[in-house]
Amino acid sequence: MTSKKELSGAPKGGRNPKSVWLRAARASREEPPLSRARIVDEAVALLDERGIEGLTMRRLAERLGSGVTTLYWHVDNKEDVVDLALDAIFVQLPKSSKEIQPGEWREEVIALVIDWRAAMLNHPWSAALLQRPALGPNLLDRLEFLQAALARAGLTSQKLITSTWTLYNYVMGATISRASHTLSDEDREAAQERLRNQGDRYPTLSAMDHLLEDDWDGVFVDGLDYILSGIASDIPLKQPPN
C-alpha cells in the first residue's frame with residue numbers, strides 16, 4: 001500500500017516548491033550509496049514492467065537493494081520519482097537543429113514529433129502522466145527544439161506560440177489515443193458490426209469502417225502533414241531584394 005509520505009507533496013517545513021524541477025538538489029553529507037540517476041533508471045524499468053500502479057517507494061527500494069529511507073534522501077516522494085522517470089525517457093533528441101538548414105524546418109519538426117510520440121509509446125505508462133507540467137530539462141529541450149524550428153521558418157509572436165502548442169497538443173493527444181486503445185481485433189469487429197446495425201444513426205462511421213482502422217502511424221503522419229501545411233500557409237513570404 002502506498003504510504004501518505006509517498007503521495008504527499010507537502011513541504012516538511014517552510015516553503016518548498018512542489019515540483020522536483022523547482023527545488024535545488026540536496027547537498028550530500030557524505031558519498032551516498034545511491035545516485036539519483038540509478039534511482040531513475042530503476043524506476044523507468046519498474047514502470048515498464050508494472051505501470052504506474054506498480055511503482056511504490058518500497059518496491060523501488062527493494063530493486064535497488066536499499067532502504068526506503070535512503071530513497072528519501074534523493075527524492076521527497078513518489079511524485080518526484082515519476083517526474084524524473086518521465087523526463088528521462090526523452091533524453092535523446094533527434095537530429096540537432098544546428099545540423100539542419102533553415103529551409104528544412106518542416107523536416108525538422110516532423111523528425112522531432114515522430115520521435116516524441118515513439119518515445120512515449122515505447123513506455124506506455126508515460127501517456128497517463130501527460131497532464132503533469134512539462135518542466136523537466138529533456139522535455140523543455142524538446143519544446144525549445146520545436147519552437148526554434150518554427151521561429152526559423154518565419155513565425156513570430158502569437159503565431160509562433162499557437163503553432164508550438166498546436167503541435168504539442170497534437171502529439172500528446174494522438175499518443176494518449178493510441179496508448180489507451182486496447183480493444184482486441186475481435187472486439188473491434190463486434191463494435192463495428194454494432195455501428196453497421198445502426199447505420200441510420202451513424203451512416204458515415206458505418207460506411208467508413210471507422211473502428212477497424214488500425215494504421216495508427218500512417219494516420220498520425222498524415223494528420224501532422226495537415227497541421228504543418230496549415231502552419232506553412234501562415235508563414236510570411238520573404239520579399240525579394242530591391
Side-chain angles (χ1 to χ4, degrees), residues 6-9 11 15-28 31-32 34-48 51-52 55 57 60 63-64 70-100 105 108-153 155 160-176 179:
E6 288 182 35
L7 296 178
S8 172
R15 186 181 182 279
N16 194 18
K18 196 168 185 179
S19 173
V20 65
W21 302 116
L22 301 180
R23 299 196 303 270
R26 290 191 180 98
S28 178
E31 186 63 26
L34 291 178
S35 67
R36 177 177 278 190
R38 186 176 165 221
I39 292 170
V40 173
D41 287 345
E42 285 298 332
V44 170
L46 182 55
L47 285 162
D48 286 345
I52 297 298
L55 173 64
M57 296 296 273
L60 179 58
R63 287 179 68 105
L64 290 161
T70 304
L71 285 183
Y72 284 122
W73 173 251
H74 297 274
V75 293
D76 276 6
N77 46 50
K78 179 179 174 178
E79 276 78 4
D80 282 5
V81 175
V82 167
D83 284 340
L84 291 163
L86 178 61
D87 197 63
I89 69 172
F90 298 115
V91 67
Q92 188 67 45
L93 274 169
K95 188 177 182 181
S96 170
S97 58
K98 295 179 181 179
E99 301 172 19
I100 295 180
W105 69 270
E108 187 176 12
V109 171
I110 290 172
L112 174 71
V113 172
I114 288 178
D115 178 82
W116 200 326
R117 173 176 176 264
M120 288 188 289
L121 291 179
N122 285 337
H123 305 277
W125 51 268
S126 66
L129 303 176
L130 297 181
Q131 77 279 9
R132 303 181 78 82
L135 300 177
N138 295 326
L139 280 167
L140 290 177
D141 281 346
R142 285 174 178 261
L143 284 171
E144 172 63 26
F145 187 108
L146 174 60
Q147 193 160 86
L150 295 171
R152 283 192 297 277
L155 294 170
L160 177 58
I161 294 171
T162 300
S163 297
T164 301
W165 281 112
T166 296
L167 287 162
Y168 176 85
N169 291 334
Y170 176 66
V171 69
M172 294 302 175
T175 303
I176 291 172

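We use all heavy atoms of the structure for the numbers below, so side chains are in, but hydrogens, waters and symmetry mates are not.
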With rounding to the nearest 0.5 Å, note down the distance linking [atom1] in [X] to [atom2] in [Y].
| X | Y | atom1 | atom2 | answer |
| --- | --- | --- | --- | --- |
| Q147 | L160 | CD | CG | 4.0 Å |
| I110 | D115 | CD1 | CG | 13.5 Å |
| N138 | D87 | CG | CG | 4.0 Å |
| L150 | S163 | CG | OG | 5.5 Å |
| M120 | T175 | CE | OG1 | 3.5 Å |
| H74 | L84 | NE2 | CG | 11.5 Å |

Does any non-hydrogen side-chain atom of [Y] lie less than 4.5 Å from one of [X]?
| X | Y | value |
| --- | --- | --- |
| Y168 | R142 | no |
| L71 | V81 | no |
| W125 | L46 | no |
| V75 | M57 | yes |

* To do: For D80 and N77, work out which heavy atoms get closest and say how close.
  => N-OD1, 3.0 Å
* To do: Compare every heavy atom of A85 with every heavy atom of V40, then report the nearest pair and how far apart it is.
  => CG1-CA, 4.1 Å
* To do: Apply side chain to side chain contact (heavy atoms under 4.5 Å, CB included) to the pair L60 and I39, showing each step before the final yes or no.
  => CA-CA 8 Å; L60 179 58; I39 292 170; 4.0 Å; yes
* Asked: Could you walk me through whether L112 and L167 pass the side chain to side chain contact (heavy atoms under 4.5 Å, CB included) check?
  -> CA-CA 10 Å; L112 174 71; L167 287 162; over 6 Å; no
* To do: Run the numbers on H123 and L47 for side chain to side chain contact (heavy atoms under 4.5 Å, CB included), then give the verdict.
  => CA-CA 8 Å; H123 305 277; L47 285 162; over 6 Å; no
* Under 3.5 Å donor-acceptor, N169 side chain and W165 backbone -> yes
* Walk me through it: do L139 and W116 pass the test side chain to side chain contact (heavy atoms under 4.5 Å, CB included)? => CA-CA 10 Å; L139 280 167; W116 200 326; 4.0 Å; yes
